[in-house]
Amino acid sequence: MNSEYPFKISTLEYKYDAMEPYIDEETMILHHDKHLKAYIDNLNKVLQNYPKYHDKSLEELLEELMFLPYNIREKVRNYAGGVYNHNLYFSQLNSRENGVKMPQDILKNKIDMKYGNFENFYNILTQTALEVFGSGYAWLAVDCKCDLVIVKTQNQNSILEKNLYPLMLIDVWEHAYYLKYKNRREEYIDNFKNVINCDFVQKRLEDFLNYKKN
Ligand code: MN3
């Protein structure tokens with residue numbers, strides 16, 4: 001993905017069926033090629049007539065929302081948020097060919113310290129995801145004191161607005177699971193733990209901690 005306007009969709013680093021049986025191929029195709037593509041196209045359309053913002057990254061657009069012209073602010077929040085959230089969503093997934101990637105090292109230590117163990121952590125994440133009313137996300141993030149936090153956001157709002165650095169997220173918009181799971185959101189969330197690439201999550205945590213150190 002290029003880092004500024006015009007934003008372009010990047011191809012997945014795994015096959016569309018790589019998350020079977022937990023996330024089905026048809027959902028992956030629609031989610032990536034149609035839903036994410038639409039957010040990218042809409043964001044580019046909104047920014048088209050605002051060259052002043054053509055050198056801004058997604059992060060900059062989302063962190064500086066209040067400085068954007070009022071008439072495009074809500075659209076940028078929805079579309080840039082949609083692109084940012086989905087980029088992270090697709091990047092964090094682990095192809096089954098790689099085997100299950102459980103937390104290790106510093107990620108495991110931090111999860112165990114804060115939540116006792118992975119199972120307990122995932123229960124809290126699940127409850128948070130189930131509490132999202134309508135569409136949104138449940139996140140594992142890290143705050144400015146380097147503590148892990150579990151939070152939820154609505155719609156495509158950005159977690160960056162909360163001054164949190166995201167490590168991973170569960171998309172609980174119906175488009176993420178409805179074809180396979182119908183109204184069984186809890187089953188989708190429970191299965192989701194099998195497709196998280198914890199190596200990727202750990203790398204994000206390490207990057208953040210190194211950044212804070214410098
Ligand atoms: Mn989605």
Side-chain angles (χ1 to χ4, degrees), residues 1-2 7-46 57-59 61-62 65 74-96 122 125-141 150-162 164-198 200-201 204:
M1 175 111 192
N2 52 330
F7 294 98
K8 293 193 182 84
I9 197 161
S10 34
T11 46
L12 293 175
E13 288 176 14
Y14 42 78
K15 296 198 183 94
Y16 292 105
D17 67 357
M19 307 304 145
E20 295 269 11
Y22 307 114
I23 304 174
D24 60 292
E25 182 177 17
E26 193 184 0
T27 295
M28 287 294 287
I29 293 172
L30 284 169
H31 201 175
H32 181 267
D33 294 6
K34 302 294 181 193
H35 289 276
L36 171 55
K37 178 76 166 38
Y39 286 116
I40 293 172
D41 291 346
N42 283 323
L43 177 61
N44 287 333
K45 214 189 286 175
V46 170
S57 67
L58 288 171
E59 288 86 348
L61 289 168
L62 291 166
L65 273 177
E74 195 60 30
K75 287 178 179 161
V76 171
R77 171 185 256 167
N78 291 336
Y79 301 144
V83 179
Y84 182 90
N85 296 341
H86 282 100
N87 282 346
L88 184 57
Y89 178 85
F90 289 112
S91 303
Q92 70 181 355
L93 295 181
N94 178 43
S95 166
R96 70 168 174 271
Y122 205 81
L125 187 66
T126 299
Q127 279 315 308
T128 306
L130 290 172
E131 284 165 14
V132 174
F133 185 77
S135 298
Y137 297 86
W139 304 77
L140 174 65
I150 292 173
V151 295
K152 59 180 186 288
T153 53
Q154 289 295 136
N155 303 317
Q156 295 296 358
N157 295 355
S158 178
I159 194 171
L160 301 176
E161 289 181 54
K162 295 180 189 283
L164 296 171
Y165 182 76
L167 300 179
M168 61 151 293
L169 72 169
I170 305 181
D171 186 341
V172 289
W173 282 61
E174 285 185 344
H175 68 228
Y177 64 88
Y178 208 85
L179 282 180
K180 179 180 173 71
Y181 293 95
K182 306 296 185 283
N183 61 333
R184 303 188 307 277
R185 183 186 274 195
E186 189 165 4
E187 193 183 327
Y188 156 72
I189 295 165
D190 189 45
N191 278 339
F192 197 81
K193 64 178 180 290
N194 299 299
V195 296
I196 304 166
N197 183 349
C198 285
F200 174 85
V201 179
R204 288 185 66 84

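For ligands, and for the atoms within them, numbers begin at 1 and follow the listed sequence.
- Legend: protein N/O/S atoms lying under 2.8 Å from the Mn ion (ligand 1), waters omitted, number 4.
- Separation of atoms CG (D33) and CD1 (I9) is listed at 6.0 Å; rounding is to 0.5 Å.
- Taken to the nearest 0.5 Å, the NE2 atom of H31 stands 4.5 Å off from the CZ atom of F90.
- With sequence neighbours left out, the side chain to side chain donor-acceptor pair (under 3.5 Å) criterion links D24 to T27.
- Contact check on K45 versus D41 returns no salt bridge, with no Lys/Arg side-chain nitrogen under 4.0 Å from an Asp/Glu carboxylate oxygen.
- For E20 against E25, the heavy-atom pair with the smallest separation is OE2-N, 2.9 Å.
- Using a 30° and 60° split on the angle between ring planes, H86 and H175 fall in the tilted class, from 30° to 60°.
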